[in-house]
Amino acid sequence: MSYKIQITNSIEELSEFFARLLIDRVNNITGDFHLALSGGSTPKIIFEYLAAHHQNTILWDNVKFYWGDERCVPPTDPQSNYKMAHDSFLSKLHISTHNIFRIKGEDEARQEVDRYSSVILLQLKDDFPRFDLIMLGLGEDGHTASIFPNQKSLLTSDKICATAVHPGTGQARITLTGKVINNAANVVFIATGKGKSKIIDAIINKKDNFKDYPASFINPKEGQLYWLLDKDAASLLHS
Ligand code: 6PG
């Protein structure tokens, strides 16, 4: 598994590093840049930073926006990953709504899985979708996107998207599958805070029961994996 770890002193420094990754890739691509966004509190801070500091440094018109996962709720629901990204970021960019491909959490989940899978295939024009960059958060239980430890079969599913259920809340979700995530050109884990330090140490150093954690199986076959961490989240890595 080849990966790059970037440890930063603050979430602002981490956000700036992520922005520079995007500048380097989005601004130098011919054609569309297919970017899948993540939900979560850490990505929200990054979105706010991008909206505040990088409206004009990144060629956002080159970007087609997707989601790595979504909660099965309406787009107006505070739980919606789309709503979080829209309110904190996308609504502040001067981009066409035609470049935003949200997962319709308000619709029947299995039908939406089929619809979203066809949207991805149509837009990426590829037999098996290869996103340019997939942004991922990390749960303290080792989940990523909405692939939870008790649903690890989603890591090897041949589907593009699948339904999932949050094991704690029972909330229905829709998620990209592990094979799609591992087919991306760039996969960027973003995690901050001491609460993530133990799971990050276990996954990166293959310790304890790391194989229980879905994030342990994220390793793009022909792509680059990044771990963007603040110093608290990375605090056990050197032990
Ligand atoms: C979601 C995310 C999920 C999230 C992690 C980390 O829909 O909630 O896709 O995978 O990224 O749970 O979330 P935090 O950054 O809030 O810890």
Side-chain angles (χ1 to χ4, degrees), residues 8 10-12 14-15 17-18 35-50 65-75 77-90 101-106 109 112-113 116 131 133-152 154-155 161-178 180-182 184 187-204 212-218 225-235:
T8 62
S10 67
I11 183 84
E12 290 73 25
L14 188 153
S15 303
F17 186 89
F18 184 67
L35 169 62
L37 302 178
S38 171
S41 56
T42 307
K44 180 173 185 294
I45 298 169
I46 290 185
F47 294 156
E48 289 165 345
Y49 183 90
L50 291 173
F65 293 92
Y66 306 78
W67 275 259
D69 69 328
E70 184 56 280
R71 291 84 180 275
C72 291
V73 295
D77 188 302
Q79 280 281 317
S80 163
N81 287 340
Y82 164 77
K83 176 175 170 53
M84 182 273 278
H86 174 269
D87 294 353
S88 60
F89 173 40
L90 300 178
F101 303 91
R102 72 177 181 89
I103 299 172
K104 295 184 177 178
E106 68 275 27
E112 179 54 13
V113 159
Y116 201 61
F131 282 91
L133 191 147
I134 298 178
M135 184 181 184
L136 293 175
L138 175 69
E140 292 185 22
D141 62 354
H143 83 260
T144 193
S146 282
I147 304 177
F148 295 100
N150 64 342
Q151 295 154 58
K152 287 203 305 195
L154 296 180
L155 290 165
C161 304
T163 59
V165 176
H166 189 290
T169 63
Q171 185 183 55
R173 302 279 188 99
I174 290 172
T175 186
L176 292 182
T177 58
V180 172
I181 296 171
N182 281 330
V187 176
V188 182
F189 274 113
I190 294 167
T192 57
K194 273 253 189 287
K196 302 287 173 74
S197 60
K198 193 165 168 43
I199 194 80
I200 286 166
D201 181 37
I203 291 169
I204 288 180
D212 293 345
Y213 310 134
S216 295
F217 297 88
I218 301 305
L225 176 62
Y226 291 91
W227 286 89
L228 302 193
L229 309 170
D230 72 353
K231 57 185 186 313
D232 288 339
S235 57

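No experiment lies behind these values; they were computed from the predicted model shown. Position 1 is the first residue of the sequence, and the numbers go up from there. One-based numbering, in listed order, for ligands and for the atoms of each. Just so it is clear, the values below take in all heavy atoms, side chains as well, and ignore hydrogens, waters and symmetry mates.
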How does Arg173 reach ligand 1, by side chain, by backbone, by both or by neither, if only non-hydrogen atoms under 4.0 Å count?
-> side chain

Which bit of Ala191 gets closer than 4.0 Å to ligand 1, counting heavy atoms only: side chain, backbone, both or neither?
-> neither

Only one of Val187, Leu35, Val180 passes side-chain contact (heavy atoms from CB on, under 4.5 Å) with Phe131, and that residue is Val180

Heavy atom of the protein closest to atom 12 (O) of ligand 1 (residue, atom name, distance) = His143 NE2, 2.8 Å

Compare every heavy atom of Asn150 with every heavy atom of Pro167, then report the nearest pair and how far apart it is.
-> CB-ND2, 3.7 Å

Among all protein heavy atoms, pick the one closest to atom 13 (O) of ligand 1 and tell me residue, atom and distance.
-> Gly40 CA, 3.7 Å

Report the part of Ser41 (side chain from C-beta onward, or backbone N, CA, C, O) that has a heavy atom under 4.0 Å from ligand 1; answer both or neither where that applies.
-> both

Grab the two heavy atoms, one from Asp69 and one from Ser146, that are nearest each other, plus how far apart they are.
-> OD2-OG, 2.6 Å

Please verify whether a non-hydrogen atom of Gly68 lies at under 4.0 Å from ligand 1.
-> no

Crowded around Lys198 NZ? As in, over 12 foreign heavy atoms under 6.0 Å?
-> no

Closest to atom 11 (O) of ligand 1 by heavy-atom distance, out of Gly39, Ala215, Gly139, is Gly39

Looking only at heavy atoms, which two atoms of Cys161 and Ile174 are closest? And how far apart?
-> CB-CG2, 4.4 Å

Using a 4.0 Å heavy-atom cut-off, say whether Glu140 meets ligand 1 through its side chain, its backbone, both or neither.
-> neither

Contact summary for Thr163 and Ala109, nearest pair of heavy atoms = CG2-CB, 3.7 Å

What atoms of ligand 1 come within less than 4.0 Å of a heavy atom belonging to Ser38?
-> 9 (O), 11 (O)

Contact (N/O only, under 3.5 Å) between Thr144 and ligand 1 = no

Would you say Leu136 has any N or O atom under 3.5 Å from an N or O of ligand 1, going by distance alone?
-> no

Please could you name the atoms of ligand 1 that Gly137 approaches to less than 4.0 Å, counting only its heavy atoms?
-> 11 (O)

Under 3.5 Å, side chain of Glu70 to main-chain N/O of Arg102, donor-acceptor pair present?
-> no

Under the 3.5 angstrom rule, does the side chain of Asp230 hit a backbone N or O of Gly193 as a donor-acceptor pair?
-> yes

Exercise: identify the closest heavy-atom pair between Gln171 and Gln79 = NE2-OE1, 3.3 Å

Shortest protein heavy-atom distance from atom 10 (O) of ligand 1, along with the residue and atom involved = Ala145 O, 2.8 Å

For ligand 1, which atoms sit closer than 4.0 Å to a heavy atom of Pro43?
-> 15 (O)

Fit a plane to each ring of Tyr116 and Tyr66, take the angle between them on a 0 to 90° scale, and name the class: parallel (under 30°), tilted (30 to 60°) or perpendicular (over 60°).
-> perpendicular

For ligand 1, is any non-hydrogen atom under 4.0 Å from Thr42's backbone (N, CA, C, O), its side chain (CB onward), both, or neither?
-> both

How far apart are the C-alpha atoms of Leu229 and Thr192, what are their side-chain angles, what is the distance that settles it, and do they pass the side-chain contact (heavy atoms from CB on, under 4.5 Å) test?
-> CA-CA 6 Å; Leu229 309 170; Thr192 57; over 6 Å; no

Could you tell me which atoms of ligand 1, counted from 1 in the order shown, lie closer than 4.0 angstrom to a heavy atom of Asp69?
-> 1 (C), 2 (C), 7 (O), 9 (O)

Does Arg71 come within less than 4.0 Å of ligand 1, judged by its heavy atoms?
-> yes

Backbone or side-chain N or O of Ser146 under 3.5 Å from ligand 1 N or O | no

Between Lys83 and Pro75 the two heavy atoms that sit nearest each other are CB-O, 3.2 Å

Closest protein heavy atom to atom 6 (C) of ligand 1, given as residue, atom name and distance to 0.1 Å | Leu138 O, 3.5 Å

Nearest-neighbour protein heavy atom for atom 17 (O) of ligand 1, which is reported as residue plus atom name and distance = Lys196 NZ, 2.7 Å

